[in-house]
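Each remark here refers to the structure printed beneath this line.
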Number of protein chains: 4
Amino acid sequence: MARAVDRDAKRLKILEASTRRFAQSGFDATSMDDLALAAGVSKGSLYDYFRNKEDLFYACFEWFEAQLLAASMARLAEQSDAKARLIGFADTSVQALQENIALYPVMLEVWAAAAKSGTRERFSQAMRTLYAQFRAQVSTLVRSAQASGDLKPDVDAEALAGMMIGAVDGLLLQYWLDPSFDPRAWVKSFMNSLFSGIGS
Amino acid sequence: MARAVDRDAKRLKILEASTRRFAQSGFDATSMDDLALAAGVSKGSLYDYFRNKEDLFYACFEWFEAQLLAASMARLAEQSDAKARLIGFADTSVQALQENIALYPVMLEVWAAAAKSGTRERFSQAMRTLYAQFRAQVSTLVRSAQASGDLKPDVDAEALAGMMIGAVDGLLLQYWLDPSFDPRAWVKSFMNSLFSGIGS
Amino acid sequence: MARAVDRDAKRLKILEASTRRFAQSGFDATSMDDLALAAGVSKGSLYDYFRNKEDLFYACFEWFEAQLLAASMARLAEQSDAKARLIGFADTSVQALQENIALYPVMLEVWAAAAKSGTRERFSQAMRTLYAQFRAQVSTLVRSAQASGDLKPDVDAEALAGMMIGAVDGLLLQYWLDPSFDPRAWVKSFMNSLFSGIGS
Amino acid sequence: MARAVDRDAKRLKILEASTRRFAQSGFDATSMDDLALAAGVSKGSLYDYFRNKEDLFYACFEWFEAQLLAASMARLAEQSDAKARLIGFADTSVQALQENIALYPVMLEVWAAAAKSGTRERFSQAMRTLYAQFRAQVSTLVRSAQASGDLKPDVDAEALAGMMIGAVDGLLLQYWLDPSFDPRAWVKSFMNSLFSGIGS
DNA sequence: CATGAATGAGATTTCATTCAT
DNA sequence: AATGAATGAAATCTCATTCAT
């Protein structure tokens with residue numbers, strides 16, 4: 001037997017360190033040397049666990065995304081009434097990202113990667129799928145709330161889902177740029193407005 | 001005089017071509033050679049008009065942003081009632097970007113640049129200012145509508161402005177990823193919901 | 001005892017697989033990983049049987065050469081007249097290599113290794129010895145044929161031996177490059193011409 | 001206008017230096033740094049003149065080959081009687097290579113490259129063409145000599161051409177390995193034997 | 001003014017070899 | 001005796017920037 005290693009543990013160590021470094025300096029400005037140093041492994045090991053730099057970055061994204069997703073989705077299933085579940089979803093999404101705000105730039109890098117010619121397909125596909133999943137979850141919730149009479153029947157569920165998710169996304173960007181305001185308060189206030197209407 | 005006009009025209013030619021190339025391949029994957037070729041000028045000329053690659057990119061962003069801004073803000077000042085002006089703002093913003101969707105990736109690159117350690121200060125500052133301007137415009141509009149009784153007085157104007165702008169931003173990202181849906185329809189539907197409330 | 005047999009068998013397994021891989025991709029483009037995989041042993045085992053990559057390659061060459069040599073020399077010793085033995089030597093040399101044409105590139109790699117600064121001494125020495133042996137064998141045969149009156153006495157035995165061996169060598173290279181022609185037919189035709197003269 | 005350079009002169013400077021280095025250390029053991037240093041240009045310039053290392057090596061081969069070819073072919077056309085022309089061809093080929101023996105290893109490297117998986121197609125094609133050209137020249141000469149009655153009519157012209165070329169090739173390899181003998185003397189002696197026959 | 005040849009630091013990636021298990 | 005994880009030196013190639021012409 002060769003050196004016995006917990007491959008999963010080592011992989012995770014690389015992933016955590018790399019995500020941190022990618023978030024700090026971006027994909028291109030972070031070298032494999034940086035990553036190896038930050039993870040406390042040799043450059044060669046990086047290639048033992050990930051085929052190349054892009055794959056490593058993609059894995060960082062997947063890892064980070066999985067954590068956020070789990071948190072965001074949790075509340076959707078947990079509460080009973082539709083209003084609470086929708087508000088809970090928005091609030092938890094914001095909260096989850098707020099707690100990991102230092103890693104948020106990874107998402108910005110992923111968006112950029114989805115635009116870059118070399119990496120377009122892979123990353124835009126991943127994002128497309130991610131948003132589609134979110135919209136499906138939220139719009140399903142909206143429709144069932146309409147069925148049970150909790151939400152107005154003439155509301156376009158797809159549009160509402162897309163806009164709600166977009167609002168949370170856009171809010172986080174603003175918060176990341178300027179952490180002086182309280183995004184969860186904004187979400188709560190906004191969701192209440194949305195339910196009762198802002199028109200007098 | 002004629003010289004100055006020539007310089008401006010050449011600068012604009014560089015700017016347009018560069019914005020297109022940056023949008024196609026991203027900042028790092030676009031070389032100065034690419035840009036010179038695309039603009040039909042020599043590499044040396046690029047440095048005649050812009051101090052370095054980052055400056056050129058920043059100028060592209062400023063140029064693109066100015067175009068969008070002009071379109072987006074236009075309706076805010078239009079003479080009409082608060083509801084129409086708010087909806088008009090959202091709609092025009094979406095429309096402006098939709099018409100220039102090929103250049104949208106430049107915004108994604110700017111967000112990424114705002115996160116990268118080397119370029120953070122400059123780009124995050126620019127974005128921060130941009131969003132603050134938008135929020136100020138919208139929240140002012142909201143408050144005056146509240147004063148005139150068109151909007152409920154207990155709505156948090158800052159939160160509403162931030163969330164509305166975020167929603168438009170987030171929607172565009174989704175649309176860029178998947179151009180199969182109609183973002184302006186979503187915006188209209190959503191804004192109506194927001195005014196009248198979605199709760200039954 | 002059994003152990004020793006095992007070791008020899010394993011060594012041979014490594015040698016066969018490595019020769020095949022070296023022939024396919026060349027010395028530099030074949031990694032120790034490739035070789036271990038192809039031989040069905042671990043990378044560590046390779047170093048158990050051979051000091052390093054160069055030693056392993058040299059052993060492959062020796063092994064391959066020994067096989068060819070045995071076949072080529074066989075006929076030289078056969079009981080028959082000088083003409084038949086010379087033709088037989090040329091024919092068998094060609095035949096032996098033709099049967100192992102897939103491994104022929106190993107010889108090309110050896111020639112290249114004999115030129116490279118790092119490996120020059122060892123490989124050029126080996127080739128020098130090999131050709132000297134061949135020439136000695138053939139020229140001895142020529143001289144004895146001259147003594148017995150089968151060959152003209154004024155022929156330079158060394159030159160004839162060198163050229164004959166060179167001709168076979170050069171022919172094989174051409175055949176390897178373009179397997180569409182019949183090298184044994186060429187050899188036979190040529191040897192006959194050589195004996196009876198091509199001048200009218 | 002940018003720096004005015006004689007591109008052809010610089011290209012040739014790179015070619016000469018590179019051929020020398022490739023001959024000394026082989027393709028793989030010669031780094032682009034080595035080549036730049038030897039040619040007295042920067043590494044970047046190498047890529048200005050040649051797309052990559054393989055292209056540079058191929059160009060070295062072409063350049064070296066062109067020189068040899070010119071010398072070898074010259075005599076084929078120059079002499080009047082067939083015997084003199086055939087002998088002259090063989091002699092000049094040997095002489096040309098003997099004068100450039102320090103660069104001869106480049107040919108060995110090319111043969112190896114023709115076997116290596118990555119570069120096989122390109123280099124084996126080049127060699128195949130080269131040998132086919134040589135054979136065509138020589139066999140044409142042989143056939144015309146047969147027509148004019150200078151050579152026996154029953155000699156297989158193709159086989160004779162292939163073997164003669166092979167003999168020169170193989171001789172040079174032996175000479176390169178062991179420069180203690182006189183290859184031109186061997187060629188002359190051998191060609192005479194070939195014309196008059198070695199059988200008594 | 002404009003050009004584009006030249007530079008060389010620095011990027012990603014490979015791989016022979018070692019050695020803990 | 002056998003394994004294969006780990007290492008890090010060294011390779012090829014790119015590209016922002018400069019500056020002679």
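Here is the naming used below: chain letters follow the sequence lines, and residue numbers restart at 1 for every chain.
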Figure out the [atom1]/[atom2] separation between [X] and [N], and round it to whole Å.
X	N	atom1	atom2	value
D:R21	F:dA11	CZ	P	12 Å
D:Y47	F:dC15	OH	P	13 Å
D:K53	F:dC13	NZ	C1'	12 Å
A:D33	F:dA9	CG	C1'	11 Å
C:K43	E:dT17	NZ	P	11 Å
A:R7	E:dT21	CZ	C1'	16 Å
D:E54	F:dT12	CD	P	13 Å
D:L46	F:dC15	CG	C1'	16 Å

Checklist entry - Counting any heavy atom closer than 4.0 Å, what does A:N52 reach on the DNA or RNA strands: base, sugar-phosphate only, or nothing? => result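 Contact class for A:N52: sugar-phosphate only.
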Next on the checklist: Any base atoms under 4.0 Å from A:S42, or only sugar-phosphate, or nothing? Heavy atoms, all strands.
Outcome noted: base
Report yes if a side-chain nitrogen or oxygen of [X] is closer than 4.0 Å to either non-bridging phosphate oxygen (OP1 or OP2) of [N]; otherwise report no.
X	N	answer
A:K10	F:dA5	no
A:S45	F:dT7	yes
C:Y49	F:dA1	no

Checklist entry - D:F57 vs D:F123 aromatic rings, parallel, tilted or perpendicular, using cut-offs 30° and 60°? => result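 Ring orientation of D:F57 relative to D:F123: tilted.
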Item to check | Parallel, tilted or perpendicular: ring planes of A:F27 versus A:F22, cut at 30 and 60 degrees | outcome: parallel
Next on the checklist: For a quick check under 3.5 Å, do C:S45 and C:K10 share a side-chain donor-acceptor pair by atom type?
Outcome noted: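 Looking only at side-chain atoms, C:K10 and C:S45 do form a donor-acceptor pair, the distance falling under 3.5 Å.
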Next on the checklist: Taking the nucleotide of DNA chain F with the nearest heavy atom to each, does D:R51 or A:D48 sit closer to the 5' end?
Outcome noted: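 The residue closer to the strand's 5' end, by nearest nucleotide, is A:D48.
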Next on the checklist: Using heavy-atom distances to pick each residue's nearest nucleotide on DNA chain F, tell me which of B:F27 and B:G44 is more 5'.
Outcome noted: B:F27
Checklist entry - A:R120 side chain to A:A114 main-chain N or O, any donor-acceptor pair under 3.5 Å? => result no
Item to check | Check: C:L35 main-chain N/O paired with C:R21 side-chain donor or acceptor under 3.5 Å | outcome: no
Item to check | Pairwise 5' ranking along DNA chain E for C:D28 and B:V41, keeping only the more 5' one | outcome: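 In this pair, the answer is B:V41.
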Checklist entry - In terms of the nearest nucleotide of DNA chain E, which residue is placed more toward the 5' end: A:M32 or C:A29? => result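 Closer to the 5' end of DNA chain E: A:M32.
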Checklist entry - Is the ring centre of C:Y104 less than 6.0 Å from the ring centre of C:F64? => result no
Checklist entry - Do B:D55 and B:R122 meet the salt-bridge criterion of a basic N to acidic O distance under 4.0 Å? => result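 Salt bridge between B:R122 and B:D55, a charged N being under 4.0 Å from a carboxylate O: yes.
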Checklist entry - Taking five pairs at each end, how big is the angle between the two axes of the helix from E:dA2-F:dT21 to E:dT21-F:dA2, to 10°? => result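 Here the helix ends are tilted 0° relative to one another.
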